[in-house]
Amino acid sequence: AAEQQSDDLSARLCKMLTAAEGWEELVQGDEREELETCLPIFLQQRRWFAGKGEIKSARLRELIALPHDGERHFLAIVLVEYAQSEPEEYLLPLAFASDGEAERLEREMPNSVFSRARIENSNTNGVIYDAAAGKDFARLLFEVITRRRVLRSEHSEGSLIGSNARVLRGEVPEPLATRTEERNTVIIYGDKFILKLFRRLENGPHPAIETARFLDEKNFPHVPPFIGALEFHRGNGEWAGVGVLCGYITNAKRGWEFTQ
């Protein structure tokens with residue numbers, strides 16, 4: 001069964017990507033174009049990808065590094081251009097795993113795997129994957145929001161900016177679950193908080209952030225408390241909502257579920 005699953009994954013993945021010194025070369029260095037050729041294949045297999053037309057090109061428009069214990073995670077903004085419709089931007093977190101962790105991802109979370117990769121100088125095989133599936137990345141985003149951090153893009157004057165409405169103290173709660181809902185990715189932290197990442201990015205105020213912020217300011221008691229938000233601010237003054245962090249209500253349901 002494991003062998004069959006590996007064969008099925010191989011059929012869905014792009015080619016093996018290779019780098020000399022480290023996997024970061026595939027997103028930062030000259031090899032980036034090789035990774036970008038794999039973007040259309042990966043995007044079209046994702047539930048959160050809304051594009052329906054023929055993809056003409058896809059590239060990493062913005063790249064924000066999130067260092068962690070010597071390892072690097074990246075938050076990429078992908079620009080997708082179509083043959084017959086307007087371009088769109090999508091959020092794509094990226095990280096690298098090798099050895100047992102790579103095997104676990106392929107076995108337990110195959111849909112998170114972007115591509116297999118090989119680091120030549122260290123003779124290391126692994127996978128590049130959607131970092132939203134990893135606990136380290138979830139902790140990093142939580143800290144960006146609650147500590148109001150500002151992280152610069154490597155491709156422009158833009159910045160990822162965290163903001164919070166409440167001061168939280170103590171350790172980051174353990175990220176317990178990640179799931180996809182329509183166009184978003186949801187990360188749950190213990191039984192306390194929930195982070196919704198918006199996969200498709202659009203300039204201007206995001207309704208989910210603005211609604212949560214407005215109701216919090218009015219002390220409206222019948223919604224989860226608003227904790228903070230992530231936004232990407234561009235050098236030209238425009239910005240796009242990236243995510244919203246709220247309190248988590250166990251066994252709560254979305255309004256959409258009551259219409260089914």
Side-chain angles (χ1 to χ4, degrees), residues 9-10 12-46 49 55-81 87-103 105-106 109 111-134 136-141 144 149-161 197 199 201 230 232-236 240 242:
L9 181 60
S10 296
R12 296 200 307 269
L13 293 180
C14 188
K15 60 191 174 186
M16 169 79 77
L17 299 175
T18 60
E21 300 288 344
W23 83 275
E24 296 90 345
E25 298 169 19
L26 296 168
V27 292
Q28 294 176 300
D30 294 338
E31 290 81 2
R32 192 179 77 198
E33 291 184 3
E34 291 297 307
L35 180 142
E36 289 176 334
T37 62
C38 295
L39 286 170
I41 296 173
F42 182 79
L43 291 172
Q44 289 171 328
Q45 296 176 11
R46 305 283 73 79
F49 181 65
I55 295 177
K56 185 171 66 174
S57 67
R59 61 181 178 88
L60 303 184
R61 185 174 191 175
E62 306 286 354
L63 191 68
I64 300 107
L66 290 83
H68 175 74
D69 291 343
E71 299 291 331
R72 300 192 81 183
H73 298 70
F74 293 93
L75 193 64
I77 296 177
V78 177
L79 176 65
V80 182
E81 295 185 296
E88 296 176 327
E89 288 186 326
Y90 286 88
L91 191 74
L92 180 59
L94 293 170
F96 177 78
S98 60
D99 303 325
E101 179 62 10
E103 294 176 3
L105 287 167
E106 290 199 4
M109 308 182 77
N111 287 336
S112 72
V113 178
F114 178 85
S115 176
R116 293 188 174 115
R118 177 175 176 78
I119 313 305
E120 298 287 359
N121 287 4
S122 60
N123 197 29
T124 300
N125 291 319
V127 296
I128 296 172
Y129 67 98
D130 184 332
D136 288 340
F137 180 79
R139 292 189 188 96
L140 289 168
L141 289 188
V144 171
R149 295 181 62 187
V150 177
L151 302 176
R152 300 288 183 186
S153 171
E154 298 184 7
H155 291 180
S156 73
E157 297 298 318
S159 299
L160 180 71
I161 298 177
L197 287 178
R199 289 300 190 143
L201 302 186
L230 277 173
F232 183 78
H233 287 243
R234 307 176 193 275
N236 62 3
V242 172

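Computation of the quantities below employed the complete heavy-atom set of this structure, encompassing side-chain atoms and omitting hydrogens, waters and symmetry-equivalent molecules. All values reported here derive from a predicted model rather than from experimental measurement.
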Show your reasoning for whether side-chain contact (heavy atoms from CB on, under 4.5 Å) applies to Ser115 and Leu35.
CA-CA 9 Å; Ser115 176; Leu35 180 142; over 6 Å; no
Under a 3.5 Å threshold, yes or no: a donor from one side chain and an acceptor from the other, between Glu120 and Thr18?
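Looking only at side-chain atoms, Thr18 and Glu120 do not form any donor-acceptor pair under 3.5 Å.
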Should the pair Arg72 and Phe74 be classed as cation-pi, given the thresholds of under 6.0 Å to the six-membered ring centre and 45° from the axis?
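No, Arg72 does not lie over the aromatic ring of Phe74.
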Show the nearest heavy-atom pair for residues [X] and [Y], with the distance to one decimal.
X	Y	answer
Phe96	Ala117	CE1-CB, 4.0 Å
Leu60	Val27	CD1-O, 4.1 Å
Glu106	Arg116	OE2-NE, 2.8 Å
Val113	Phe42	O-CE1, 3.5 Å
Met16	Arg118	SD-N, 3.9 Å

Matching residue for Ser159 among Glu62, Arg149, Arg152 - test: side-chain hydrogen bond (donor to acceptor under 3.5 Å, both in side chains):
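The single option meeting the side-chain hydrogen bond (donor to acceptor under 3.5 Å, both in side chains) with Ser159 is Arg152.
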Which value, rounded to the nearest 0.5 Å, describes the distance between [X] atom [atom1] and [Y] atom [atom2]?
X	Y	atom1	atom2	result
Arg46	Asn111	CZ	CG	5.5 Å
Leu92	Leu197	CG	CG	11.5 Å
Leu17	Trp23	CG	CH2	11.0 Å
Met109	Tyr129	CE	OH	9.5 Å
Phe114	Leu26	CZ	CG	9.5 Å

Are Ser98 and Asn125 packed together at the side-chain level, in the sense that at least one heavy-atom pair is separated by less than 4.5 angstrom?
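Of all side-chain heavy-atom pairs linking Asn125 with Ser98, none is under 4.5 Å.
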More than 12 foreign heavy atoms under 6.0 Å from CG of Asn121: is that the case here?
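Yes, the 6.0 Å shell around CG holds more than 12 heavy atoms from other groups.
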Gln44 atom CD: more than 12 heavy-atom contacts under 6.0 Å:
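Yes, the 6.0 Å shell around CD holds more than 12 heavy atoms from other groups.
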Pair listing, salt bridge (charged side-chain N to carboxylate O under 4.0 Å, His left out) test, anchored in residues 91-103, at least two apart
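Qualifying pairs, neighbours excluded: Glu101-Arg104.
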Flag the pair Glu89 and Arg234 as a salt bridge only when some basic side-chain nitrogen lies within less than 4.0 angstrom of an acidic carboxylate oxygen.
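Salt bridge: yes.
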If you apply the rule side-chain contact (heavy atoms from CB on, under 4.5 Å), what do you find for Asp136 with Leu66, and how did you get there?
CA-CA 10 Å; Asp136 288 340; Leu66 290 83; over 6 Å; no
